[in-house]
Amino acid sequence: LGRKISPEEQPWCLDKVTGKVVISKGLENICIDKSTICYIDGFHSKLYYRGYSIEDLAKNSTYEETVYLILYGKLPTRRELNDFSGWMREERDIPREVVELLAKIPRDIEPMEMLRTAVSYLGNLDPGRHDMSLEGVMRKTIRLISKMPTIIAYWYRIRNGKETVYPDPRLNHAENFLYMMHGEKPEQILAKAMDVSFILYAEHEMNASAFTAVVIASTLSDYYSAIVGAIGALRGPLHGYANVEAMRQFDEIGSPENVDKWYQEYILTGKKRVMGAGHRVYKTYDPRAKIFREYAREFAERYGGRVKTYYQIADRLEGYVMKQLCETRNICTNCDFWSGIVYYAMGIPVDLYCAVFAAARTVGWSAHVVEYVTENRILRPRLYYDGEIEREYVLIENR
Ligand code: CMC
């Protein structure tokens, strides 16, 4: 017979005042470090990157400028921005070995699995991959955020048996991505929406994927391992994959008339969660959802068809969520509820939406890696041991 360990023998798990075991399941409200990158005010629907509100950035900034802001902590001068955008443009092309790898990867895997493999391989080919100096990480960051849209667009075209479209250095990051996807320059309104979506997805404090990146970096591992780990964390439906699942949920509902029945059958009974609703930090409406929602509404009117049907289903479902879940339980719709409809209007297939999210979020992951390792301490939490110790080992023939 073994022996249970008492709470007193595990004082690191006890509240100093009450003496009771405290378990922070999901690490809710645990502050692991100081930061100057991002502030989320989840009670007042506010989000700031380096102190600038997401509304101001979406309206007035560009993705390139926001990347500079997040990475360097200040808005660039015109000259700094030109140099920086030029650097990003120069880095867009991907090595031939990665293109060959994309051609070999099974066509039916999830785009996030493809991205994980391709980013890892890109790291293998980078001679400076182990350089964790500030300059080294910045260089790898620019390299990666510039190349990720190329990887996604090439993969999309390769799996559809189409010729890849080489990046066009005359186009900005968002325009170029849509150009490489579709082989023609996008309408301005779609390019602007893509640019804004990259801004909205670029950073979001210490979420599960950023935490994964920082945990890996805190062991003084390498940059690419940190990002590959973060891609793995983002791929889960509770996190970034929610934008894919939200669209699948709209497909399952099928038409605006079916929303009521579907909601009663699956949400009121607790059989399913609304995908694209709820958040650990936002207890009111996600400010990014508001911006995505406006684009979705505009595109529904402009393009009609399936875009409009998706919008109508989402609009009706959101009505239920806001009335029944948000008002009473603070479970409100989030950015992933609406972003998919915006991407759908751009002609991007649904299964790619989380990969597009990852391409933008690499900025935030990288900023957190840099910030954390600058004053590094290995991340190492504890568990409360609820099993037995001192159990008698019985030889296999006597069991
Ligand atoms: N629909 C219905 N009920 C929900 C939902 C939802 N979307 N989200 C949470 N709940 C309920 C949940 O069932 C639980 O109820 P009970 O207390 O009765 O068991 C309660 O709310 C608390 O849920 P939780 O899982 O403990 O909350 P959390 O803070 O740990 O999880 C979340 C946050 C985002 C994982 C969760 O809200 C969720 O699963 N949402 C759906 C997936 C989603 O949209 N994810 C995207 C998040 S935002 C962007 C991103 O990170 O990518």
Side-chain angles (χ1 to χ4, degrees), residues 23-30 38 40-43 45-47 54 110-112 115 197-214 230-250 252-253 259 262-293 314 316-343 350 352-365 368:
I23 289 168
S24 286
K25 189 93 182 179
L27 295 176
E28 184 165 4
N29 292 335
I30 301 286
C38 175
I40 308 171
D41 179 347
F43 297 101
S45 287
K46 297 298 286 179
L47 170 63
I54 199 72
E110 287 287 346
M112 285 295 275
L115 198 62
S197 91
F198 281 145
I199 293 176
L200 297 180
Y201 270 140
E203 160 57 7
H204 212 233
E205 210 229 26
M206 201 40 53
N207 51 75
S209 54
F211 185 60
T212 306
V214 166
I231 292 172
L234 190 74
R235 184 203 171 316
L238 299 186
H239 193 7
Y241 210 71
N243 64 7
V244 174
E245 294 293 344
M247 293 297 281
R248 292 187 177 149
Q249 153 188 278
F250 302 147
E252 185 182 287
I253 295 170
V259 170
W262 184 89
Y263 189 85
Q264 278 175 21
E265 190 172 338
Y266 293 110
I267 305 304
L268 290 184
T269 54
K271 283 186 194 153
K272 288 187 180 183
R273 289 182 175 206
V274 179
M275 295 315 286
H279 201 277
R280 181 61 69 73
V281 184
Y282 291 118
K283 298 304 162 200
T284 52
Y285 205 69
D286 177 342
R288 302 165 301 173
K290 201 168 159 202
I291 301 170
F292 273 128
R293 182 190 208 287
R316 200 167 176 120
L317 180 57
E318 184 176 69
Y320 278 105
V321 174
M322 297 309 287
K323 191 99 206 100
Q324 298 190 3
L325 294 174
C326 190
E327 269 181 26
T328 52
R329 302 180 59 200
N330 302 118
I331 300 165
C332 318
T333 38
N334 59 50
C335 58
D336 292 336
F337 191 82
W338 287 107
S339 62
I341 302 178
V342 177
Y343 291 144
V350 170
L352 286 170
Y353 298 170
C354 186
V356 178
F357 181 167
R361 184 55 61 82
T362 301
V363 181
W365 293 334
H368 285 290

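Counting convention: from 1, in listed order, for ligands and their atoms alike. All of these numbers come straight from a predicted model, not from anything done at the bench.
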- By ring-ring contact (aromatic ring centres under 6.0 Å, His included), which residues pair with Tyr241, not counting sequence neighbours? none
- Per-ligand residue contacts, ligand 1, heavy-atom threshold under 4.0 Å: Pro237, Leu238, His239, Gly240, Ala242, Arg273, Val274, Met275, Gly276, Ala277, Gly278, His279, Arg280, Arg329, Ile331, Asn334, Asp336, Phe357
Which atom pairs, one a donor and one an acceptor, fall under 3.5 Å between side chains of residues 23-30 and the rest of the protein, sequence neighbours left out?
none

- Message: Testing the 3.5 Å rule here: is there a donor-acceptor pair between the side chains of Trp338 and Thr333?
- Response: no
- Task: Can you sort out the partners of Cys326 under disulfide (SG to SG under 2.5 Å), two or more places apart, ordered by chain and number?
- Result: Cys332
- Task: With rounding to the nearest 0.5 Å, note down the distance linking CG in Leu200 to CD1 in Ile291.
- Result: 5.0 Å
- Message: To check you understand the geometry: which heavy-atom pair defines the closest contact between Trp365 and Ser209, and what is its length?
- Response: NE1-OG, 2.9 Å
